[in-house]
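Worksheet: the structure to be examined is printed underneath.
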Amino acid sequence: MKKTILIMAITTAGISFGQNKIQYPETKKGETIDTYFDTKVNDPYRWLEDDKSAETGAWVKAENEVTYGYLDKIPFREELKKRMEKLWNYEKIGAPFKEGKFTYYSKNNGLQNQSVIYRKGEKGKDEIFLDPNTFSKDGTTSLGGLNFSKDGSKAAYSISEGGSDWRKVIIIDAVSKKVLEDTIVDVKFSGVSWLGNEGFYYSSYDKPKGSELSAKTDQHKLYFHKLGTAQKDDKIIFGADQKRRYVGGYVTEDDRYLVISAANSTYGNELYIKDLSKPESPIITIVDNFNSDNQIIENVGSKLFIDTDLGAPNKRIVTVDVSNPKPENWKDFIKETENVLAPSTGSGYFFANYTKDAVSLVLQYDYDGKLVREIKLPAVGTAGGFGGKKEEKVLYYSFTNYTTPGTIFSFDPKSGKSEIYQKPVVDFKSEDYESKQVFYTSKDGTKIPMIITYKKGLKLNGKNPTILYGYGGFNISLTPGFSIANAVWMENGGVYAVANLRGGGEYGKKWHDAGTKLKKQNVFDDFIAAAEYLIAQKYTSSDFLAIRGGSNGGLLVGATMTQRPDLMKVALPAVGVMDMLRYNAFTAGAGWAFDYGTAQDSKEMFEYLKGYSPVQNVKKGVQYPATMVTTGDHDDRVVPAHSFKFAAELQEKQTGDNPVLIRIDVKAGHGAGKSVAATIQENVDIQAFTLYNMGFTALPKK
């Protein structure tokens with residue numbers, strides 16, 4: 001690709017739109033031109049990619065002033081916030097886990113910005129172990145992870161500042177809670193895996209030149225940190241000579257093996273293993289290509305148990321001896337089924353958690369591969385957990401669906417008996433609401449599942465405010481889960497619909513592949529068909545329909561609203577991948593190429609991406625739906641420039657009265673670790689904006 005940057009020009013996007021009279025900030029318009037396969041592509045808002053510039057900072061401030069000025073005038077916004085806060089304000093407790101002499105658990109009293117880690121000692125007294133609310137005054141520093149040494153005497157916890165993917169790791173004495181040594185810095189896309197009590201493995205990139213929030217990072221390395229030594233002396237275990245974008249390492253529960261996974265994209269990984277009982281042992285290759293997903297989930301001595309989709313699109317578990325671990329020697333332990341497998345281990349058992357039509361089915365197996373039982377779940381929904389150490393006598397799992405707040409159950413793996421461990425007390429009458437799963441037909445005849453949730457007695461008159469949510473990518477499955485924000489939406493008469501689009505993982509690798517690269521349009525067609533179904537069945541109409549999605553789902557919303565602007569009243573793209581020609585130029589974006597392809601791959605791929613890329617497909621003279629783009633200025637996963645450029649294009653070219661706003665959270669990232677206060681305010685603003693643009697001047701009567 002040849003790039004030419006011409007002289008910057010100034011234009012004004014401050015246009016008054018009808019009765020709304022929104023004066024948008026002045027946006028500088030440049031004359032940057034890129035050339036792809038002899039095709040010239042204008043990129044007038046390239047300057048907004050510079051997150052370090054004063055000009056970009058001033059633009060962000062000006063846009064937020066317009067956005068919040070608009071939101072402040074919505075008459076029921078404060079009423080909505082009070083209800084959201086009241087409903088959110090309930091105690092949330094996480095499943096307990098034992099490390100050393102202590103039992104740990106997380107708890108949030110209700111409106112605490114970050115959940116607190118407590119522990120219970122041998123005498124049963126509870127005390128605070130870590131309180132992330134003390135990490136920063138404004139609640140923007142969050143706990144990223146917590147891992148203990150083999151005997152539980154030491155711990156390493158990671159923190160994220162301002163929502164960044166870059167982490168710091170702090171090492172403490174777990175008993176006294178005193179810091180043991182200097183903080184490990186510049187850690188990214190990494191867990192911490194201890195080797196006994198002597199140190200731990202972690203992964204990171206070299207610090208990039210330029211902005212750490214947007215500069216490309218594409219060579220991941222696995223390190224070992226030995227306690228008592230400086231970080232500069234940490235040994236590189238993997239990745240120095242073999243360039244890989246994503247490298248991870250973890251130690252088996254018996255401390256015998258180091259397992260290494262290496263990948264260049266978000267699908268497909270090489271798999272390696274090293275015998276830690278022999279210090280000079282080599283790293284042995286198990287899988288030497290990126291054509292399948294593979295993970296060692298357990299070992300009994302030298303016998304490995306591998307979760308894989310090699311030769312099994314819906315996944316299976318295989319066994320092999322470490323002495324000869326190549327795929328040709330693998331033997332089925334739990335065979336592939338028609339449902340998608342996500343296994344875990346605990347208490348000396350395997351738990352096969354299957355996704356069946358986007359809901360959970362859980363089977364328990366012993367180490368001989370014999371089926372012990374199907375675990376009876378409380379209802380139709382999502383179960384997660386069933387993991388733990390081999391010696392644990394009791395395991396825990398969570399259960400939730402769109403009307404049931406997340407409840408934790410204790411589980412006796414010997415008897416199969418489940419008991420409620422912690423059931424939240426929420427001011428929401430779940431029994432007054434219902435979910436219905438439907439299967440609608442997409443453009444090419446494919447049947448797509450969708451779960452629609454609403455208050456019982458809903459009138460199918462086409463006038464119900466409806467949010468249609470989707471994702472459709474990266475093998476990620478959307479399964480039922482309770483949300484306070486959605487509960488408030490439904491209390492106010494709203495319908496919440498989730499479509500399980502191609503590109504996701506609901507039906508395994510084939511379903512995922514059907515929404516990638518030159519088949520990505522299938523995802524948008526599936527979403528459009530979902531909207532058309534809701535309208536045809538009179539759940540809603542175009543005047544009362546909003547579409548919402550985040551990250552890859554933000555791309556989904558951006559592509560759908562530019563292809564079918566007539567279909568919805570409101571569009572809510574969050575932290576979206578909006579410039580499909582340049583996404584791979586930032587941070588770890590190049591790793592998304594398995595799903596998207598890149599503009600550099602071929603002329604065909606370039607033209608396909610340009611054909612749906614939201615930034616390049618905003619057209620003058622079109623009335624787009626009322627739009628509120630949301631992002632964070634510290635998002636280093638999907639850099640905010642995607643959202644900035646899309647909003648600038650819409651503000652310049654929008655025709656008619658529908659507002660185009662961009663709401664930019666300051667000191668916030670892609671979403672993880674966001675404070676409760678910020679999360680509540682964001683959801684309030686999204687719902688207020690949505691209802692207001694559907695014509696509501698007061699909250700609908702309950």
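Source: prediction; values computed, not measured. Side chains are part of it too, since the values below use all heavy atoms of this structure and drop only hydrogens, waters and symmetry mates.
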| task | Could you tell me whether a side-chain N or O of Ser160 sits under 3.5 Å from a main-chain N or O of Gly144, the two making a donor and an acceptor? | result | no

| Closest heavy-atom pair and its distance - Asn269, Ser261 |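 Taking Asn269 first and Ser261 second, the nearest heavy atoms are ND2-OG, 3.1 Å.
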
| Least distance between heavy atoms, Ile236 atom then Lys221 atom |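 Shortest heavy-atom separation between Ile236 and Lys221 comes out as CD1-CD, 4.1 Å.
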
| Angle class for the Phe189/His220 ring planes (parallel below 30°, perpendicular above 60°, tilted otherwise)? |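 Perpendicular: the ring planes of Phe189 and His220 meet at over 60°.
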
| Lys517 atom NZ, over 12 foreign heavy atoms within 6.0 Å |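 More than 12 within 6.0 Å, yes.
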
To the nearest 0.5 Å, what is the distance between [atom1] on [X] and [atom2] on [Y]?
X	Y	atom1	atom2	result
Lys520	Tyr596	NZ	OH	5.0 Å
Leu363	Phe350	CG	CZ	14.0 Å
Gln112	Asn133	CD	CG	5.5 Å

| said: Any carboxylate oxygen within less than 4.0 angstrom of a Lys/Arg side-chain nitrogen, looking at Asp307 and Lys315? | reply: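 Looking at Lys315 together with Asp307, the answer is yes, because their closest N to O distance falls below 4.0 Å.
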
| query | Are Glu99 and Arg119 within salt-bridge range, i.e. N to O under 4.0 Å? | reply |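 Arg119 and Glu99: not salt-bridged.
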
| field | Identified ring pair (Phe, Tyr, Trp, His ring centres under 6.0 Å) counterpart of Phe305 within the set Tyr365, Trp330, Phe333 | value | Phe333

| task | May I ask you to check whether Tyr104 and Phe148 place their ring centres under 6.0 Å from each other? | result |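 Close enough - the centres of the two rings lie under 6.0 Å apart.
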
| query | Does the side chain of Thr516 pick up a donor-acceptor pair with the side chain of Asp513 at under 3.5 Å? | reply |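 No.
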
| query | How about Asp186 and Gln231: does a side-chain donor come under 3.5 Å of a side-chain acceptor? | reply | no

| query | Does Tyr349 reach the side chain of Phe386, with side-chain heavy atoms less than 4.5 Å apart? | reply | no

| query | Is any side-chain heavy atom of Leu581 closer than 4.5 Å to a side-chain heavy atom of Leu609? | reply |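 Yes, side chains in contact.
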
